[in-house]
Amino acid sequence: MDRALGLVRRDTYGGGVDLHRLAERHGYRVVWTVRLDTAPLASGLIVASAITEHNVSAVVVPTFEHADSVRHIVTDLAALVTPMCHYPRGYRWPVVEL
């Protein structure tokens, strides 16, 4: 099984999702979980560092909101797994016109 990083924002509702079970459904094994309560810039640095340090192929989150502010960094380095979708590494997010 490929390695995965769990990512949980302390200021976001988790929905009671078991990250280990979710990861296993997609062929990953959670080797470390990062719990964040930092601003987006600091969160991005922490997540990028953890992805590299633990040599993971995916980041698993309980809901999309946990990864929303760092989704670009995550998919540049690894896949993003949510309960609803699997975004592969290199996924290009749609541009939203304001």
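- With Arg71 contributing its side chain and Asp68 its backbone, the two residues share a donor-acceptor pair below 3.5 Å.
- Under a 4.5 Å side-chain heavy-atom cut-off, the cluster of Ile, Leu, Val, Met, Phe, Trp and Tyr residues that includes Val95 has no other member.
- Within the model, atoms CG of Asp11 and CZ of Arg35 stand 13.0 Å from one another, a figure rounded to the nearest 0.5 Å.
- Closest approach of Leu19 to Gly6, counting heavy atoms only: CD1-CA, 4.0 Å.
- Residue Leu80 belongs to a hydrophobic cluster whose other members are Leu5, Leu7, Val31, Trp32, Val34, Leu36, Ile46, Val47, Ile51, Val56, Val59, Val61, Phe64, Val70, Ile73, Val74, Leu77, Tyr87, Tyr91, Trp93, with links defined by side-chain heavy atoms closer than 4.5 Å.
- Taking CG of Leu22 as the reference point, atom OG1 of Thr82 lies at 7.5 Å (rounded to 0.5 Å).
- Under the ring pair (Phe, Tyr, Trp, His ring centres under 6.0 Å) criterion, His20 pairs with no residue at all, not counting sequence neighbours.
- Every residue was checked against the salt bridge (charged side-chain N to carboxylate O under 4.0 Å, His left out) condition with Arg3, not counting sequence neighbours, and none meets it.
- Arg92 CZ to His72 NE2: the interatomic distance, rounded to the nearest 0.5 Å, is 9.5 Å.
- When all heavy atoms of Val81 and Ala58 are compared, the pair lying nearest together is CG2-CB, 4.3 Å.
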**Request:** Take Val8 and His66 through the test side-chain contact (heavy atoms from CB on, under 4.5 Å) and record every step on the way to the result.
**Result:** CA-CA 6 Å; Val8 176; His66 288 261; 4.0 Å; yes
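- In this structure, His86 and Ala79 approach most closely via the heavy-atom pair NE2-CB, 3.8 Å.
- Listed by first and then second residue, the side chain to side chain donor-acceptor pair (under 3.5 Å) pairs involving residues 39-61 are Arg9-Ser43, Thr38-Ser43 (not counting sequence neighbours).
- Apart from Leu45 itself, the hydrophobic cluster it occupies contains nothing, where clustering links Ile, Leu, Val, Met, Phe, Trp and Tyr at side-chain heavy-atom distances under 4.5 Å.
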